[in-house]
Amino acid sequence: NNLATEEGFLVKKGDVENILNWKVVQHKNVEVPFKPARVILQDFTGVPAVVDFAAMRDAVKKLGGDPEKINPICPADLVIDHSIQVDFNSFFPHALFGPCRASWKGQVRMSPFFLIYIRIDMSCPSPALRNCLLVQCLHAEEHKALINMVPINSLKKNQDLEFERNKERFEFLKWGSQAFKNMRIIPPGSGIIHQVNLEYLARVVMDQDGYYYPDSVVGTDSHTTMIDGLGVLGWGVGGIEAEAVMLGQPISMVLPEVVGYKLLGNPQPLVTSTDIVLTVTKHLRQVGVVGKFVEFFGPGVAQLSIADRATIANMCPEYGATAAYFPVDDISIGYLIQTGRDKEKVMCTKKYLEAVGMLRDFKNSSQDPDFTQVVELDLHTVVPCCSGPKRPQDKVAVSDMKKDFETCLGAKQGFKGFQIAPDRHNTIVKFNFEGCDFELAHGSVVIAAITSCTNTSNPSVMLGAGLLAKKAVEAGLTVKPYIKTSLSPGSGVVTYYLRESGVMSYLSQLGFDVVGYGCMTCIGNSGPLPESVVAAITQGDLVAVGVLSGNRNFEGRVHPNTRANYLASPPLVIAYAIAGTIRIDFEKEPLGINASGKKIFLKDIWPTRNEIQVVEHQFVIPGMFKEVYQKIETVNESWNALDAPSDKLYTWNPKSTYIKSPPFFDGLDSLSLQEDAYVLLSFGDSVTTDHISPAGNIARNSPAARYLMSRGLTPREFNSYGSRRGNDAVMARGTFANIRLVNKFIDKQGPQTVHFPSGEILDVFDAAERYKQAGHPLIVLAGKEYGAGSSRDWAAKGPFLLGVKAVLAESYERIHRSNLVGMGVIPLQYLPGEDAGSLGLTGRERYTIIIPEKLKPQMNIQIKV
């Protein structure tokens with residue numbers, strides 16, 4: 001990269017020499033520039049970036065310059081995938097059951113394209129009737145079922161509501177794609193950013209003006225690392241850094257240490273790529289790879305498909321590395337052909353990589369590079385597992401899930417504890433859903449979502465889920481109707497091969513209908529749970545469970561009412577949905593009992609690796625990818641019909657609650673002495689960007705809700721925090737608004753703090769406003785891994801707008817630290833071996849931070865308490 005971009009100014013000859021001398025300088029904190037070939041954004045982070053560009057144009061015009069000079073130089077793709085929510089899935093509206101509601105028992109599942117009216121003679125003694133298995137009701141005349149079918153489509157309903165909610169945002173983005181050069185928009189409904197990048201946008205080798213050079217990318221989503229699985233070096237950055245790159249600036253980075261991760265052996269027959277990545281995540285967290293690159297090598301890599309590698313690379317932020325790189329090999333070249341890339345270009349790519357020595361043979365150890373450190377994993381030792389209940393790195397073997405959850409129930413409040421009193425561990429709450437009686441307990445599954453590019457990009461686990469669903473339906477198993485089930489593929493290709501292989505109908509019968517193409521449940525867009533379910537959870541103070549095939553499960557992220565959330569492979573998501581609880585030992589307890597009274601165990605319906613591979617080779621073909629992606633930019637008629645302004649300067653609407661000119665360019669000032677600052681919040685370890693700036697629903701009693709209601713909006717129109725990142729007034733009020741926030745000043749979870757001058761307990765925003773009005777600067781105290789999670793620039797912009805001048809923490813997540821710097825919030829770090837406890841700090845003190853005239857990274861500064 002440096003060789004291709006060296007021009008003696010931003011990238012110098014000495015930078016190239018430092019990289020060549022990596023073995024010597026890797027431990028010396030030497031900085032080098034990096035100019036990626038392209039930038040990728042999603043809409044939650046893309047909207048604020050375009051807002052900033054629009055505001056920059058206004059600022060340049062005010063200064064008498066040419067506003068059109070504010071324009072991306074580095075090509076950027078913006079994929080709209082974070083806005084759609086699971087508002088509709090396969091729930092039955094209560095009105096459908098009419099007079100039979102009082103006597104109807106059991107559960108019904110259906111295709112997403114039909115509502116089914118059922119009237120059944122309940123005097124029938126058939127066990128199948130008592131279980132109310134839809135598939136049997138349809139084929140057994142003695143059940144006297146009267147069935148009327150009416151078309152419905154939860155996918156279309158969710159997409160229509162997405163456009164209704166986000167029309168203004170989408171018009172703004174469409175304006176941006178027309179007003180700025182080098183910016184392409186991938187419309188909503190196309191897929192998830194990283195899967196679209198993997199299957200369509202990535203080049204592997206760039207071809208520009210007759211020159212070839214390696215593809216590289218940075219993105220405003222931390223899981224940009226997924227593309228590392230294809231051999232394209234990429235990682236997530238903050239929105240502020242991404243904007244600088246788009247304007248032609250290099251990223252300044254410390255030349256990283258590179259950890260070699262050697263893979264050996266073959267996975268066991270029942271193990272999925274999800275199990276492998278959760279094992280790798282826990283292992284590398286233990287090794288400690290924060291701020292480092294990880295490169296995978298060894299003969300075990302050759303046993304992994306590109307989809308498997310991409311799954312492992314996707315969760316790189318969860319194990320803390322900057323990048324998780326798989327060099328290009330023949331399997332990578334084969335993937336480019338499989339996904340419909342032009343064969344002639346693919347062959348040129350291969351020849352270039354061979355010529356420059358970048359095409360690897362993982363079975364040839366003589367090609368193994370030198371690494372800072374080498375760690376190993378024997379793939380044969382990996383067992384089926386999940387991660388949770390609150391962090392991705394907390395792996396639990398499936399065989400231990402029941403015992404682990406029950407231990408967590410009584411453990412002290414923390415990452416592995418809910419502090420439920422022993423006499424309440426077996427609490428049961430009865431409730432009524434659609435005229436039928438059900439029970440909830442601790443560990444009951446209420447959300448089961450096949451979601452996220454982490455897994456939906458992988459045909460083996462998706463087809464595995466489909467085959468498991470087929471066997472489950474054929475065995476007479478069902479899913480309780482109150483469980484919110486959903487399937488949100490990462491691209492239209494997934495739906496294509498699920499349908500063509502014949503498994504889609506079985507997924508639908510279990511409630512896993514396609515509800516949208518986007519991040520959905522994984523980002524927190526899980527939509528509402530049934531009111532009776534929420535009431536039961538609240539009544540019993542239950543630890544209800546969400547199971548999802550995602551990459552993050554932090555508290556309060558997936559849904560406010562699921563305190564425990566587990567990451568699992570798509571087949572396991574279905575298995576736990578059928579079981580209805582996480583408190584099950586699959587080896588000893590059946591998933592269910594069919595109409596004949598036979599116990600059905602998970603092992604009875606789990607598909608073999610060979611079964612999956614046969615179906616995958618037959619149905620995942622290049623023609624599918626070509627057909628889907630050749631029309632990706634034009635297929636969405638709702639997007640095509642949007643009428644966007646054509647002006648080069650954006651006309652801000654003062655009545656808008658979505659798009660607002662930001663205040664970041666007003667009253668710019670240099671860093672100065674921060675005298676007698678109050679502590680706004682005091683945290684422990686692992687405060688995530690979801691805690692700092694949540695992306696999910698806006699609580700009705702929150703400062704953001706009060707603001708929106710003052711502008712004439714009803715709760716139905718609130719949308720999510722993520723969708724309102726173009727409006728600083730909403731986002732400032734949403735800062736530290738996570739309902740699971742744990743502030744040491746308060747004896748319960750919640751987005752509140754103590755206003756020390758008055759002693760009052762207030763919402764965080766209201767307390768910050770009081771401090772600001774009185775002219776008091778603020779700081780935040782934190783423990784380790786402050787800012788972990790998503791690359792969310794509003795997690796830095798929000799505190800800035802609240803008046804936070806500095807954060808004092810034990811350690812930071814890389815991207816968040818960079819975002820703080822970009823906003824002028826000083827990321828201070830305790831000296832080695834020190835923390836708030838060892839220094840006797842309670843957070844009730846006042847702090848004076850002495851800022852030197854010339855600040856340098858890693859320099860010591862003085863704080864007076």
Side-chain angles (χ1 to χ4, degrees), residues 84 86 89-90 109-114 135 153-156 158-159 189-192 195-196 198-199 272-274 305 307-308 310-311 338-340 448-474 479 485-518 520-522 548-550 568-575 577-578 605-609 611-629 632 635:
I84 191 166
V86 191
N89 66 327
S90 60
R109 286 289 171 178
M110 59 182 177
S111 159
F113 299 101
F114 296 99
V135 65
N153 188 332
S154 46
L155 169 61
K156 185 177 187 306
N158 286 328
Q159 290 179 330
S190 304
I192 303 176
Q195 189 161 344
V196 173
L198 183 72
E199 295 176 352
T272 69
S273 59
T274 314
S305 68
D308 292 338
T311 298
Q338 181 193 33
T339 50
I450 298 176
T451 182
S452 171
C453 52
T454 307
N455 284 288
T456 68
S457 61
N458 194 324
S460 66
V461 293
M462 295 303 290
L463 288 168
L467 291 171
L468 183 140
K470 180 177 184 292
K471 293 184 178 186
V473 170
E474 291 171 345
V479 175
T485 48
S486 61
L487 167 59
S488 50
S491 80
V493 175
V494 179
T495 308
Y496 204 144
Y497 64 65
L498 290 177
R499 184 177 64 241
E500 291 298 305
S501 62
V503 299
M504 190 70 242
S505 62
Y506 296 100
L507 287 162
S508 295
Q509 287 183 60
L510 293 179
F512 290 91
D513 308 313
V514 175
V515 294
Y517 296 94
M520 304 191 85
T521 300
C522 188
L548 64 154
S549 63
S569 67
L572 279 176
V573 171
I574 296 176
I578 293 170
I605 62 171
W606 193 272
T608 66
R609 183 180 295 273
E611 286 178 275
I612 297 169
Q613 289 176 345
V614 168
V615 176
E616 182 176 351
H617 290 153
Q618 184 177 355
F619 292 103
V620 183
I621 56 177
M624 292 181 177
F625 294 88
K626 289 180 180 178
E627 183 174 337
V628 168
Y629 283 112
I632 190 171
V635 72

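Because the structure is a prediction, the values reported are computed rather than measured.
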Using distance only, find each side-chain donor-acceptor pair of residues 612-620 under 3.5 Å and give its atom names and separation, not counting sequence neighbours.
unit_1	atom_1	unit_2	atom_2	d
H617	ND1	Q613	O	3.3

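A pairwise comparison of heavy atoms in V86 and S486 identifies CG1-CB, 4.0 Å as the closest pair. Of all the heavy atoms in M462 and N455, the pair that sits closest is CG-O, 3.8 Å. Of all the heavy atoms in F512 and A577, the pair that sits closest is CZ-CB, 3.9 Å. Heavy atoms only, all atoms of each residue included: A465 and I450 are closest at CB-CD1, 4.3 Å. When every heavy atom of I84 is checked against every heavy atom of G516, the shortest pair comes out as CD1-CA, 3.8 Å. Residues W606 and S569 approach most closely at CH2-OG, 4.4 Å, considering heavy atoms.
Atom CG in L487 sits 11.5 Å away from atom CG in L510 (nearest 0.5 Å). One distance of note links OG1 of T495 with CE of M504; it measures 6.5 Å at 0.5 Å rounding. Atoms CG and OG1, from N89 and T521 in turn, are 9.0 Å apart once rounded to the nearest 0.5 Å. To the nearest 0.5 Å, atoms OG (S491) and OH (Y629) are separated by 4.0 Å. To the nearest 0.5 Å, atom CD1 of residue I192 and atom OG of residue S457 are 8.5 Å apart. Distance NZ/K626 to OG1/T339: 10.0 Å, rounded to 0.5 Å.
Using modelled atom types and a 3.5 Å distance limit, the side chains of S488 and T451 yield a donor-acceptor pair. A donor-acceptor pair shorter than 3.5 Å can be found between the side chains of D308 and S305. Side chains of S154 and D513: a donor-acceptor N/O pair is absent below 3.5 angstrom, by distance only.
Y517 places a side-chain heavy atom less than 4.5 Å from the side chain of P489. Looking at L507 and I574, their side chains come closer than 4.5 Å, going by heavy atoms from C-beta outward. Using a 4.5 Å heavy-atom cutoff, the side chains of V461 and S549 are not in contact. Between V494 and Q195, the closest side-chain pair of non-hydrogen atoms falls below 4.5 Å.
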Stepwise side-chain contact (heavy atoms from CB on, under 4.5 Å) test for I621 and E500
CA-CA 11 Å; I621 56 177; E500 291 298 305; over 6 Å; no

What verdict does the side-chain contact (heavy atoms from CB on, under 4.5 Å) test give for V196 and I632, after you've listed the backbone C-alpha separation in whole Å, the side-chain angles of each residue and the deciding distance to 0.1 Å?
CA-CA 10 Å; V196 173; I632 190 171; 4.2 Å; yes

Checking side-chain contact (heavy atoms from CB on, under 4.5 Å) for the pair L467/K471: CA distance, chi angles, key distance, verdict?
CA-CA 6 Å; L467 291 171; K471 293 184 178 186; 5.5 Å; no

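Among residue pairs with one or both ends in residues 457-470, those qualifying as salt bridge (Lys or Arg N to Asp or Glu O under 4.0 Å) are K470-E474; sequence neighbours excluded.
Taking the centre and axis of the six-membered ring of Y496, the NZ or CZ atom of R499 falls inside the cone set by 45° and 6.0 Å.
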